[in-house]
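Below is one structure, written out as structure tokens, with a few remarks after it.
Chain letters run A, B, ... following the sequence lines, proteins first and then strands; every chain starts at 1. The shown structure was predicted, so the numbers you read here are calculated from the model rather than taken from an experiment.
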Amino acid sequence: GSFKTENERLFAEFLECCSRLTEEHPEVIPFLASRHQKAGAEFLASAEFRNVLGRCLTRVQSKRSKVYVYINELCTVLKAHTQRRKLALSSAP
Amino acid sequence: GAVPMEEEEDDDDPENRIAKKMLLEEIKANLSSD
């Protein structure tokens, strides 16, 4: 099944939680949001992303002093799944 | 009454400090490349 809706909810919750903890650097949340926008739709609806999000959210709620560690982790994962522009690969025989 | 829980200590953690530095540098690099 697709985790799209659940992942969107978890991500919104993570953003909300982090925005309160990163007020000194207001550019961080828009950056994280833009990484999320650029990620592939398939990954955003995956169980893998749900696991990463769930873990980051639980951790940031229990260890607020490491908020940037978790944001960085999520950014790295999203960057790794950035939707690539279509490459001119010749798949036809 | 309720006990306020205020913990503003995100610079106390070395791992957090490094992650913050990396993240802010990446944001800066992204802004300048746009």
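Rounding to the nearest 0.5 Å places CG of B/Asp13 at 7.0 Å from NZ of A/Lys63. Atom CG of residue A/Asn72 and atom NZ of residue B/Lys21 lie 12.5 Å apart, to the nearest 0.5 angstrom.
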Open item on the list: Please evaluate residues A/Cys75 and B/Leu23 with respect to the criterion side-chain contact (heavy atoms from CB on, under 4.5 Å), reporting the C-alpha separation (whole Å), side-chain torsions for both, the decisive distance (0.1 Å), and the verdict.
Closed with: CA-CA 9 Å; A/Cys75 275; B/Leu23 195 62; 4.0 Å; yes
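Residues A/Val69 and B/Met22 have side chains not in contact (no heavy-atom distance under 4.5 Å, counting atoms from C-beta outward). Side-chain atoms of B/Leu31 and A/Phe31, non-hydrogen and from C-beta on, never get closer than 4.5 Å to each other.
Looking at B/Ile18, there are no atoms closer than 4.5 Å to chain A (heavy atoms on both sides), in backbone or side chain.
Listed for the B/Asn16 side chain is a donor-acceptor partner under 3.5 Å among the backbone atoms of A/Tyr68.
More than 12 non-hydrogen atoms from other residues, nucleotides or ligands lie less than 6.0 angstrom from CD of A/Glu27.
At a threshold of 4.0 Å, the pair A/Glu24-B/Lys20 counts as salt-bridged, since one of the basic side-chain nitrogens sits closer than that to a carboxylate oxygen.
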Show every donor-acceptor pair shorter than 3.5 Å between a side-chain atom in residues 45-55 of chain A and any protein atom, with sequence neighbours excluded, or say none if there are none.
| residue | atom | partner | partner atom | Å |
| --- | --- | --- | --- | --- |
| A/Ser46 | OG | A/Phe43 | O | 2.6 |
| A/Ser46 | OG | A/Phe49 | N | 3.1 |
| A/Asn51 | ND2 | A/Ala47 | O | 3.4 |
| A/Arg55 | NH2 | A/Glu73 | OE2 | 2.7 |

